[in-house]
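Model, not experiment: these values are computed from the prediction. Lettering follows sequence order; numbering is per chain, from 1. Reckoned from all heavy atoms, side chains included, excluding hydrogens, waters and symmetry mates.
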Amino acid sequence: MRIATWNVNSVRARIERLESWLVDRAPDVLLLQETKVADAAFPASRLAGLGYESAHHGHGQWNGVAILSRVGLRDVERGLSDGEARMISATCGPLRCTSCYVPNGRALDDPHYAAKLRWLEELRVRRTARDAAVPEILAGDFNVAPSDLDCYDPAAFVGATHVSAPEREALGALEATGLTDAWRHQHPDAPGFSWWDYRAGAFHLDRGLRIDLLLVEDALVPRVRDVTVDRDARRGPRPSDHAPVWVDVELEG
DNA sequence: ATGTCCCAACTTTTGGGA
């Protein structure tokens, strides 16, 4: 079973790329972030034409998350207490699949930074109330680079968000509920950047961050066969600033 | 390089967000 995550930076701007990517990479489940549309404008029927059921949670201009599945989609859960469209969760086949768009935080002294830490804490608390019989994959744009290996220039990020100790501790506390960072587990030494700024030729220069994570229930880790960052999807005309990341998990049956 | 892309709107240019 292939589970992917992708911050598409507007599903409207990316629909042709999204459709061809689904055909090429054939994920069983795709977790989207930053769809930037209201529910009524989400292209559910176009995606259904490719064989994917979908569930979307969006209010319009900002944020927006979705789940696409060709292995079933039920028991949909939308949003956390902040009221923004940053989380959606559903049971897809044997897995609980959760798409997260963690708040950016803006700057260490900005109120949005404290809100980011609270949001991660609420996500942790939610995990403690989960149905332990259904293993979860919690994936998305976490807006946190877990370690300095996940940042192209740690010295340039001193005092910035995405790398601060409280953010990394909040992510670590979430993982301590029984989740493993699939990329880092499979690739202990490879940066695996998933986001590059549109500006200043950052992608060409490989000035990236690894902030798009697949957090896999610990019990599933022995079944993980491969984890891939699809850098090809960041190339060419009108790309998202994020690459998709997927994990292949071998499940019985 | 304040460098780009995407959105909305009192929409053809500006401002907010990332």
Side-chain angles (χ1 to χ4, degrees), chain A residues 5-21 31-43 46 56-66 79-80 82-88 99-120 123 139-146 150-164 166-168 170-171 193-213 229-245:
Chain A
T5 181
W6 192 8
N7 180 325
V8 288
N9 186 17
S10 168
V11 73
R12 247 184 222 142
R14 224 65 64 199
I15 183 64
E16 283 86 9
R17 268 188 178 261
L18 173 59
E19 288 178 319
S20 62
W21 188 86
L31 305 172
L32 293 175
Q33 301 87 38
E34 284 208 85
T35 60
K36 296 186 176 180
V37 292
D39 290 339
F42 187 73
R46 286 182 72 158
H56 180 257
H57 180 41
H59 301 309
Q61 183 176 6
W62 308 121
N63 314 315
V65 283
L80 296 182
D82 63 334
E84 297 194 330
R86 295 181 176 275
M87 191 278 286
I88 188 168
S99 178
C100 301
Y101 177 46
V102 177
N104 175 286
R106 301 189 187 185
L108 298 186
D109 59 357
D110 191 298
H112 290 86
Y113 176 78
K116 177 182 194 175
L117 297 178
R118 286 197 302 272
W119 202 91
L120 284 165
L123 202 58
D141 177 359
F142 283 80
N143 273 316
V144 178
D150 304 307
C151 175
Y152 70 91
D153 185 358
F157 275 72
V158 171
T161 60
H162 294 58
V163 302
S164 73
E167 288 166 276
R168 287 173 170 174
L171 181 64
F193 298 150
S194 62
W195 171 86
W196 301 260
D197 199 301
Y198 282 123
R199 293 169 288 189
F203 180 66
H204 177 70
L205 298 166
D206 201 23
R207 293 180 179 165
L209 300 178
R210 190 176 72 89
I211 55 177
D212 297 272
L213 310 178
V229 179
D230 189 2
R231 296 172 66 104
D232 284 346
R234 181 63 174 79
R235 300 180 214 277
R238 288 170 62 86
S240 170
D241 46 353
H242 295 252
V245 188

message: Please verify the inter-ring angle class for Phe157(A) with Tyr152(A); under 30° counts as parallel, over 60° as perpendicular, anything in between as tilted.
response: perpendicular
message: I'd like to compare against my own output: the B/S/- annotation of nucleotides 7-18 of chain B with a strict under-4.0 Å heavy-atom distance to protein.
response: BS-------BSB
message: Rounding to an integer number of angstrom, what distance separates dA1(B) and dC6(B) when you compare their P atoms?
response: 26 Å
query: Looking only at atom P, what distance separates dG3(B) and dG16(B), rounded to whole Å?
result: 15 Å
- request: If the plane angle is over 60° it's perpendicular, under 30° parallel, otherwise tilted; pick one for Trp196(A) and Phe203(A).
  value: perpendicular
message: Going by salt bridge (charged side-chain N to carboxylate O under 4.0 Å, His left out), name the pairs with one or both residues in residues 7-21 of chain A, residues two or more places apart or in two chains.
response: Glu19(A)-Arg46(A)
message: Let's go through Glu34(A) and Asn7(A) carefully: what are the C-alpha distance in whole Å and the side-chain angles of both, what is the deciding distance for side-chain hydrogen bond (donor to acceptor under 3.5 Å, both in side chains) to 0.1 Å, and is it a yes or a no?
response: CA-CA 6 Å; Glu34(A) 284 208 85; Asn7(A) 180 325; 3.0 Å; yes
message: Measuring only the C1' atom in each nucleotide, how far is dT2(B) from dG15(B)? A whole number of Å is fine.
response: 15 Å
query: By side-chain contact (heavy atoms from CB on, under 4.5 Å), which residues pair with Asp82(A), not counting sequence neighbours?
result: Leu80(A), Glu84(A), Arg86(A), Trp119(A)
task: For the pair Asp206(A) and Arg231(A), find out whether any cationic side-chain nitrogen is under 4.0 Å from an anionic carboxylate oxygen.
output: yes
- request: Take atom C1' in dC7(B) and the same atom in dT12(B), then report the distance between them in whole Å.
  value: 16 Å
